[in-house]
Amino acid sequence: MSKRKAPAEDNINHDFCDFLIELANYEKNVNRNIHKHNAYRKAANTIAAYGKRITSGEEARKLEGVGKKIAEKIDEFIHTGKLRKLENIKHDDTAIAVESLTRVTGIGPAKAQELFKLGIKSTKDLHNHKDKLNHHQLIGLKYLEDFEKKIPRAEIELIEDKIRSNINALDPEYLITICGSYRRGKAESGDIDVLITHPNFTSSCSEKGLASNLLKKVVNKLENVSLITDTISLGDVKFMGVCKISEIARRLDIRLTPHDQYNCATLYFTGSDMFNKEMRAHAIQEGFTLNEYCLRPLGSTGIPGEPLPVSSERDVFDYINFPYKDPCQRN
DNA sequence: ATGTGAG
DNA sequence: ACTCACATA
């Protein structure tokens with residue numbers, strides 16, 4: 001924790017980076033130009049890492065990834081406090097349509113473009129063109145408003161009880177953890193992210209390509225008790241779908257992870273994202289590599305060794321000499 | 001196989 | 001950044 005580069009919060013050129021990121025997203029989502037997208041992001045990153053306040057386009061121009069065009073934009077922003085290009089985008093037909101259509105889960109920038117070309121410009125229009133949507137997108141449209149509502153903690157507690165009792169009735173050897181912001185103690189969450197494992201399912205099983213029906217059995221059970229109302233997708237290890245206990249439908253994800261990788265998985269899926277980044281960076285400092293599956297030592301060559309045995313989240317903190325934080329402290 | 005999308 | 005599930009080719 002000694003030396004570290006400036007995190008976003010104390011980035012002195014914050015405002016420049018913000019508009020560059022906005023332009024980057026516009027290029028990716030509306031113009032579908034990944035190269036321009038990457039160019040804007042690269043510029044934003046080098047500017048964020050630059051220690052001093054930028055006072056002219058000319059000064060910015062010296063930085064890697066900043067060319068003539070971006071330098072001009074920096075000058076315009078310095079002089080007028082805004083960008084005409086960005087203002088225009090706010091009134092741009094395509095941009096508005098893409099923003100509306102991508103509210104539907106399963107519709108990304110590519111599908112939004114396709115729909116726009118057919119004259120479908122908003123989620124409202126979609127109701128007349130359901131034949132253009134796949135199963136995932138139809139569910140997204142059906143529950144559009146519901147999925148944008150936050151889930152109160154008390155409701156997730158009820159859902160957790162129902163999941164636990166039903167899975168337990170199926171087989172008491174399952175382990176169950178609801179991760180995400182709920183586990184971090186938040187008062188409300190965007191969705192419900194459930195991790196399960198079972199002693200019969202280990203990493204050697206999945207390495208050998210041995211499928212397991214452990215997840216499908218769980219999903220089946222939760223459908224039978226009418227907790228799960230829809231399935232978006234269901235594979236051997238990942239379920240994405242919908243559950244309902246109140247009047248409001250909720251996004252529910254369930255993933256089955258190998259028993260020996262369970263603690264690394266709960267650590268990873270509990271987040272927050274910033275906490276994960278910090279922890280993985282610390283792991284590297286200490287000569288380890290950490291991901292959602294395992295913790296491995298890095299040899300002098302930098303090649304990861306065999307996964308270390310992990311029997312709790314705390315083990316991971318201890319190995320990499322990182323002060324333990326309980327889930328509520330990981331925000 | 002490749003692209004899309006989600007997380 | 002990386003992986004899973006899916007829908008196409």
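Predicted model, so just to flag it, every value in this text is computed and none were measured. Order of the sequence lines fixes the chain letters, A, B, ..., with proteins taken first and strands second; residue numbering starts at 1 for each chain.
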Show me the side-chain donor-acceptor pairs of residues 176-185 of chain A shorter than 3.5 Å, one per line, residues at least two apart or across chains.
from, atom 1, to, atom 2, distance (Å)
Thr177(A), OG1, Tyr262(A), OH, 2.7
Ser181(A), OG, Ser189(A), OG, 3.0
Tyr182(A), OH, Glu160(A), OE1, 2.6
Arg183(A), NH1, Thr270(A), OG1, 2.6
Arg183(A), NH1, Glu313(A), OE2, 2.8
Arg183(A), NH2, Glu313(A), OE1, 3.1
Arg183(A), NH2, Glu313(A), OE2, 3.3
Arg184(A), NE, Asn331(A), OD1, 2.7
Arg184(A), NH1, Thr270(A), O, 2.7

Taking any heavy-atom pair under 4.0 Å as a contact, classify Tyr293(A): base, sugar-phosphate, or nothing.
sugar-phosphate
Identify whether any heavy atom of His136(A) sits under 4.0 Å from a base atom; if not, whether one sits that close to sugar-phosphate; answer base, sugar-phosphate or nothing.
sugar-phosphate
Leading and trailing nucleotides of DNA chain B with any atom under 4.0 Å from heavy atoms of chain A:
dT4(B) to dG7(B)
Donor-acceptor pair, distance only, cut-off 3.5 Å: does the side chain of Asn38(A) make one with the backbone of Ile34(A)?
yes
Any residue of residues 96-109 of chain A with a heavy atom less than 4.0 Å from an atom of DNA chain B:
Thr105(A), Gly106(A), Ile107(A), Gly108(A), Pro109(A)
Asn13(A) side chain reached by Arg53(A) side chain, heavy atoms, under 4.5 Å:
yes
Among all residues two or more places apart in sequence or in another chain, which pass the side chain to side chain contact (heavy atoms under 4.5 Å, CB included) test with Asn29(A)?
Asn25(A), Val98(A), Pro109(A)
When rounded to the nearest 0.5 Å, the distance separating CZ of Arg314(A) from CG of Asn263(A) is 12.5 Å
Taking only distance into account, with no hydrogens and no angle test, what donor-acceptor pairs under 3.5 Å do side-chain atoms of residues 76-86 of chain A form with protein atoms, sequence neighbours excluded?
from, atom 1, to, atom 2, distance (Å)
Glu76(A), OE2, Arg84(A), N, 2.8
His79(A), ND1, Asp75(A), O, 3.0
Thr80(A), OG1, Glu76(A), O, 2.8
Thr80(A), OG1, Lys82(A), N, 3.3
Thr80(A), OG1, Lys82(A), O, 2.9

What residues, two or more places apart in sequence or in another chain, satisfy ring pair (Phe, Tyr, Trp, His ring centres under 6.0 Å) together with His198(A)?
Tyr174(A)
Looking at DNA chain B, which of residues 249-267 of chain A put a heavy atom within less than 4.0 Å of it?
Arg251(A), Asp253(A)
Within the distance-only criterion (no hydrogens, no angle test), does the side chain of Asn291(A) pair as donor or acceptor with the backbone N or O of Cys294(A) below 3.5 angstrom?
yes
Check the orientation of Phe19(A) and Phe16(A). Use parallel for under 30°, tilted for 30 to 60°, and perpendicular for over 60°.
perpendicular
Quick one: salt bridge (Lys or Arg N to Asp or Glu O under 4.0 Å) pairs with a partner in residues 137-147 of chain A, sequence neighbours left out?
Lys142(A)-Asp230(A), Asp146(A)-Lys149(A)
Sequence-distant partners of Glu306(A), salt bridge (Lys or Arg N to Asp or Glu O under 4.0 Å), two or more places apart
none
Judged by modelled atom types alone, do His37(A) and Asn33(A) share a side-chain donor-acceptor pair under 3.5 Å?
no
Using only atom types and a distance under 3.5 Å, with no angle test, would you say the side chain of Tyr40(A) pairs donor to acceptor with the backbone of Glu22(A)?
no
I'd like to know if the side chain of Thr197(A) and the backbone of Leu175(A) have a donor-acceptor N/O pair within less than 3.5 Å.
no
Range on DNA chain C touched by chain A, heavy atoms, distance below 4.0 Å
dA1(C) to dC6(C)
For Asn291(A), which contact category applies under a 4.0 Å heavy-atom criterion: base, sugar-phosphate, or nothing?
nothing
Ignoring hydrogens and angles, write down the donor-acceptor pairs under 3.5 Å from the side chains of residues 58-73 of chain A, residues two or more places apart or on other chains.
from, atom 1, to, atom 2, distance (Å)
Glu59(A), OE1, Thr55(A), N, 2.8
Glu59(A), OE1, Thr55(A), OG1, 3.1
Glu59(A), OE2, Tyr50(A), OH, 2.8

Residues within residues 115-132 of chain A bordering DNA chain B, heavy-atom distance below 4.0 Å:
none
